Amino acid sequence: MKVVYCDALIIGGGLAGLRASVATQSEGLKTIVLSLVPVKRSHSAAAQGGMQASVGNAKMSQGDNEDIHFMDTVKGSDWGCDQKVARMFVNTAPKAIRELANWGVPWTRVRKGDHEAVIDTKKTTITEDDNAHGLITSRDFGGTKKWRTCYTADATGHTMLFGVANEALKHEVDIRDRQEVLSLIHKDKRCYGAIVRDLITGELSAYVAKGTCIATGGYGRLYKTTTNAVICEGTGQAAVLETGVATLGNMEAVQFHPTPIVPSGILLTEGCRGDGGVLRDIDGHRFMPDYEPEKKDLASRDVVSRRMMEHIRKGKGVSSPFGDHLWLDISILGREHVSKNLRDVQEISETFNGIDPADEGPAGWMPVRPAQHYSMGGIRTKETGESQQLSGLFSCGEAACWDMHGFNRLGGNSVSEAVVSGMIVGKYFTDYCLENEMTIDTKLVHEALEEQTRYIDEILSRAEGEDVFDIKKRMQEIMDEQVGIFRNGNDLQAAVDELQELLVKSRKVSVKSKIKSANPELEEAYRVPKMLKLSLCVAYGALLRTESRGAHYREDYLKRDDANWLNRTLTSWSNADATLPEVSYEEIDIMTMELPPAFRGYGAKGMIIENELSVKRQVEVDEIKEKMKDKDRFALQDSLMSYDLPLNYKDKNERYGVGYE
Amino acid sequence: MSNAQKKGRELTFSILKYNPSKKDSKPEFVEFKIEETAGMTLFIALNIIREKIDADLAFDFVCRAGICGSCGMVVNGKPLLACRTLTADYPDGKIQLMPMPAFELIRDLSVNTGKWMDAMSVRVESWIHINEVHDIAKLEEKVDPDVADETFELDRCIECGLCVSSCATALMRPDFVGPAGLNRIARFHVDPHDNRTDEDYYELIGDDNGIFGCMSLMACEDHCPKELPLQEKIAYLRRKMVSLK
C-alpha cells in the first residue's frame, strides 16, 4: 500500500490552489499540490480579459472603492451571494493585485496624457493624470459602475498563473502533476486526505494530510458547448459529493457567456465589449441598446446572453451550418487597439475562423453565440472555506461555492476570486493544519484505497458493456438542450429522467483497452458516472427551483422569487446506488444583509416577488445610515454588516489621489 | 448544400504509437482514416479517432484554444500546436503525427513537457528576486508603461516546448537550458521588480549549457506559436554575457 503523508494536501494547481499552497508552505507546512496537468496549463491560463479590483488609478476608475465593487458584485449575483464573503473579497482584491505585481505580473500601466477610447461606439478622448503615470490601469467590463478590470492585454490569466506558479516553485512547494483524485478519505465527519491515481503509471496511492483543500475549478464539460478546457469535468466536486456527507451548493447556477466564437466555442473575452466592441444582428444593427438602454452591451452576462437568444428567436440571427449566431464587432476599435490589447482574440479569430477582426466593416465581424462558461455552484463552504460538514476539508476558487457569485458572476471576478480566495481560504486552511493534529486509523486508509482499486479492476475486467463515449456525448447534449440558458419544467423533468437512465448505464461500461497505466478510455469510464451525478445535481436543482434568478432562468417562472427562493440549494449523495441527490436548502438571511434585495439596474423591470423583510431591512439600513452620517464609510460599513479577515487583509487600501479614505 | 452537410474528403492519419512502459510495445506508425468536417482542427480529428477507432490513443489537450501550450506535436515534420492546426492546411489529406523530441515520452503523442519546463524554471530561478517586500495595502510601485509592456511581451511564453523540440542544441545537449529558458532570463532581466544583476544571470546561463550553447540556427523563433522575439533576445543576452568576461 503506497501512502504519502503531508501536512497540507491541495488538489488542483490553478490560481486558487497554487496561491493557497504558497500560504501553507510559507508557514512551514509540508505541502503537496496535485494536478491533472502541468500546473501552468490549468484553465486559469485561459482567462483573457482581466481581474476586478478597485484600485481606481485610471481616469475612468477614479472614485472607485470597495463599496462600489461590493454593490456591483451583489447586484450581479442577483442577491444570491453571501454578502459577508463578497465584502471579504472586495477588501482583499486590491491587495491581491499588488501582491501579484510584486510577484512579477506585468499589469498594463496608466500612461499619462490623452488616449482614445471607444465609448458607446463614439471615439472619446480620455486624459490620464501625470501623477498616475505608471500605476496599474483598468478597463471596462459588464455590470460594473467603474472601469475596474486590471489586465495584461488579453492574456491576464496566463500572466497571473505564471506569476503564482513561479512563486510556488520559489517556495519549493511539492507539485505533482498528472495526478487525479478518485475519492476522499474520511470518517466521523473528518477528512484525512484522498485516494489518487497517477495518470502515467496508473498506480493508486493514498495521500494522508491534516487538511485537504480542493481547488479543481468548474464543471463546464458537463455541457457540449462550453468555453471550458477539457479538464474542467468537476472531478473535485464529484469526490466531495461521493463522500455522502459533504454538500455542494447551487449547482444549478451555471453561467453562459455571451461571446464564445462559433462553432469551436472558444471564448472571446468580455474585454471586446468592455473596450467598446458591440453586438450586431443579421442586419448589422446594434441591438443591445433596444433591450438594455442603460448598460447596453455591458449588462451582466446572464442578461446579455438571454437578450442575444431572445433576438435570435425573433429571427434576427445569422444562419450558419452550425446554427444561428450573431456578430461581435471590434473593428470599430481600430487595428492598433485590436493588435495590442485584444491580440489573443485576433489570433483565435484568424486561426479558427479565418477572420481578422481588425478588418473594417462586416469582413471583420466574428460569429458568436452564448455557451456554458462558468460554474457559480460548487463545494459548499463556510466563510473560512471549510466544508460545512467535513472538518479538515476546504475548497477555494471556482470549485467552491464560497459564495460570492450567487446566481451570476461578474466578468473579471473569476480570476480575482481565484487569487483572493487562495489568500483568504489559504490562510484559514493553514491555521487549521497548524492547529489540528490527527490520529488516523491505517485500516481506514487501506479500505479507502482497496475500494478504489476494486472499482478500477471491476471496470477493466468487464468483458462487455456500454460505450462510455456514447453516454458522455448524450449527457452533454441533454445539458445543452434541456438545462441551458432557457429552462422549463417539462424539459428539466425529461433531462432528470434521462440522466438517471444514463447514470445506471454508466455503471456498466466496459473498456476496449485493459491496461492499468495511462488509458484514456478507462479515465472516461470512471469519470463519466461522477459527471452524471453532478449533471443530476444541476438538472434536479434547476427543476426544483421554481423562480428565475441570475443565470438560472425559468420560462415557466419568470420572476425572481425573494419570498420563497432566497436560499441556497444544497445537494448531497449519501446512497451510492441512488440515482438522485438529496436536496435541502440553506436560507439567506435578509435581516443581516448590508444591501437588501432590490432591482439590479438592468434586465427586465417588475420581475421580483418581494419578500416583506426586504423593506423592513431597508428601513433599518436607512436608520443606521442616518445615525452614522457623521462617521466615515468604514464605520458605517461595520455597523451595517461586520465581517472578519485574517492577516492584514482587513486593512484599508491606499488609493491614488485619496489615500486611505 | 452547406459545407457542414457536404461529405468531406477522406483524411489519412499516420500516427506514431509507442508505450515505453510496456515491455512488448514497439514504436510503429498506425494509419487511421476519418472524414473531414468544416473547420476541423487536429484537436477535433484526434478526438474522433479516439472515440470511434482507437480508444487507446494517448495525446494531450487542455484549453484547445492555443493558450495553455499542452498539445505540441510534430505534424508532417514540423512542431506545431495541434489545437491550432487545421486539417484544411494539408491539401493531399495526408497527416503524419509524431511526439515532440527532446522530452520524455509518456505514450504515443503525449510527452512530459511539464517536467522539463518545471526543471527549467527552477534552474533559471524563474521568479522575482527582491530584498524588501512591498506592503500590499499601500499604493503599488510605479512601472513605466513601456517597460511593463516589454515585460509582458516576453511573459507570453506558454511553455509549449515547440522551441525546444526544434532546437538542434537541445537535441544534442540534453542539459541545454533551451530557447524557453533563455527567454525567461530575458523576461526577468527587463522586469524592474527583479533586482538580480547581470553577474547573477551569468551564474545561471554563462556556459555552453546556457547562452553560449546556442548555435543561432533560430528554428525556435520560426516555430514559436506566440511569435516571441527569441532571436533578438538571445543575441542581446549573449552580448551582455560576453561583455562580463
Side-chain angles (χ1 to χ4, degrees), chain A residues 37-38 40-41 43 45-46 95 97-99 101-104 106-111 133-136 152-153 155 158-159 162 166-167 169-170 175 177 200-201 229-231 263-264 266-267 321-322 344 347-348 351-352 469 511-513 515 517-521 648 651-656, chain B residues 2-5 19 21-22 38-39 41 50-51 55-58 60-70 84 86 106-107 110 112-115 117-118 121-122 125-128 130 133-145 148-149 151-152 155-156 158-159 188 191 193-194:
Chain A
V37 295
K40 284 175 179 165
R41 316 222 184 282
H43 190 51
K95 298 181 179 74
I97 283 277
R98 290 162 177 169
E99 179 175 88
N102 293 344
W103 294 358
W107 297 114
T108 303
R109 302 283 168 150
V110 176
R111 199 180 289 272
H133 185 74
L135 294 172
I136 295 167
T152 58
H158 164 80
T159 57
F162 272 52
N166 285 333
E167 194 67 16
L169 287 175
K170 173 179 153 185
I175 298 172
D177 57 37
I200 296 178
T201 65
V230 299
I231 51 173
S264 64
I266 295 170
L267 178 69
F322 309 103
D344 276 7
E347 203 175 282
I348 287 165
T351 307
F352 294 96
F469 295 110
V511 294
K512 292 176 259 328
S513 168
I515 61 167
S517 59
N519 180 348
E521 194 187 12
N648 69 337
D651 287 3
K652 293 177 184 176
N653 295 300
E654 189 185 10
R655 280 189 185 78
Y656 166 72
Chain B
S2 70
N3 285 339
Q5 293 153 340
N19 185 352
S21 74
K22 271 178 79 179
T41 61
R50 183 189 280 173
E51 285 166 27
D56 201 28
L57 181 65
D60 293 319
F61 288 97
V62 178
C63 77
R64 58 81 169 87
I67 292 166
C68 76
S70 299
R84 297 205 320 186
L86 302 169
I106 295 173
R107 200 182 153 192
S110 173
N112 209 334
T113 48
K115 188 174 166 186
M117 291 295 167
D118 276 358
S121 294
V122 170
E125 299 179 15
S126 168
W127 48 81
I128 296 289
I130 39 174
V133 179
H134 188 80
D135 182 351
I136 57 176
K138 290 195 172 132
L139 213 57
E140 66 273 13
E141 287 173 276
K142 288 182 177 178
V143 175
D144 184 273
D149 288 353
T151 311
F152 168 69
D155 205 38
R156 293 173 64 250
I158 54 173
E159 297 193 350
F188 284 100
D191 191 333
H193 292 99
D194 197 309

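Letters go in sequence order (proteins before strands), and every chain restarts at 1. Source: prediction; values computed, not measured. No hydrogens, no waters, no symmetry mates; every other heavy atom, side chains included, goes into these values.
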C63(B), A148(B), G114(B), S70(B): which one forms the most heavy-atom pairs within less than 4.5 Å of chain A? S70(B)

Less than 4.5 Å apart, side chain to side chain, heavy atoms only: is that true for R50(B) and P520(A)? yes

If you define the side chain from C-beta out and look only at heavy atoms, does anything of K40(A) sit under 4.5 Å from S121(B)? yes

Between atom NZ of K95(A) and atom CG of D135(B), what is the distance when rounded to the nearest 0.5 Å? 9.0 Å

Taking G134(A), P263(A), A518(A), P38(A) one by one, which has the highest count of heavy-atom pairs under 4.5 Å against chain B? G134(A)

In Å, rounded to the nearest 0.5 Å, how long is the span from CG of L135(A) to CD of E140(B)? 5.0 Å

Using non-hydrogen atoms and a 4.5 Å limit, figure out which bit of I136(A) sits close to chain B: side chain, backbone, both or neither. both

When rounded to the nearest 0.5 angstrom, what is the spacing between CD1 in I158(B) and CZ in R41(A)? 7.5 Å

So CD1 of I200(A) and OG of S21(B): to nearest 0.5 Å the spacing works out to 9.5 Å

Max heavy-atom pair count under 4.5 Å with chain B, selected residue of H158(A), K512(A), R655(A): H158(A)

For the candidates T152(A), D651(A), I231(A), V37(A), which exhibits the highest count of non-hydrogen atom pairs separated by less than 4.5 Å from chain B? T152(A)

side-chain contact (heavy atoms from CB on, under 4.5 Å) between I266(A) and R64(B), worked out: CA-CA 8 Å; I266(A) 295 170; R64(B) 58 81 169 87; 4.0 Å; yes

Which value, rounded to the nearest 0.5 Å, describes the distance between R111(A) atom CZ and D144(B) atom CG? 7.0 Å

Please determine if E654(A) and K138(B) form a salt bridge, counting it only when a charged side-chain N lies under 4.0 Å from a carboxylate O. no

Go through the atoms of N102(A) and report whether side chain, backbone, both or neither lie under 4.5 Å from a heavy atom of chain B. both

Heavy-atom cut-off 4.5 Å, strictly under: side chain, backbone, both or neither for V511(A) against chain B? neither

Taking the side chain as every heavy atom from C-beta outward, state whether L169(A) and E125(B) have any pair of such atoms under 4.5 Å apart. no

Greatest number of non-hydrogen atom pairs under 4.5 angstrom with chain A, of H193(B), R107(B), R156(B), falls to R156(B)

Run the numbers on T159(A) and F152(B) for side-chain contact (heavy atoms from CB on, under 4.5 Å), then give the verdict. CA-CA 8 Å; T159(A) 57; F152(B) 168 69; 3.7 Å; yes

Does any heavy atom of chain B fall under 4.5 Å from the side chain of I515(A), the backbone, both, or neither of them? side chain

Heavy-atom distance under 4.5 Å to chain B: side chain of S264(A), backbone, both or neither? backbone

Under 4.5 Å heavy-atom distance to chain B, tell me which part of N648(A) shows up: side chain, backbone, both or neither. side chain

Heavy-atom distances under 4.5 Å only: say whether T41(B) touches chain A with side chain, backbone, both or neither. side chain

CG/N653(A) to CD1/I136(B) distance, rounded to the nearest 0.5 angstrom? 9.0 Å

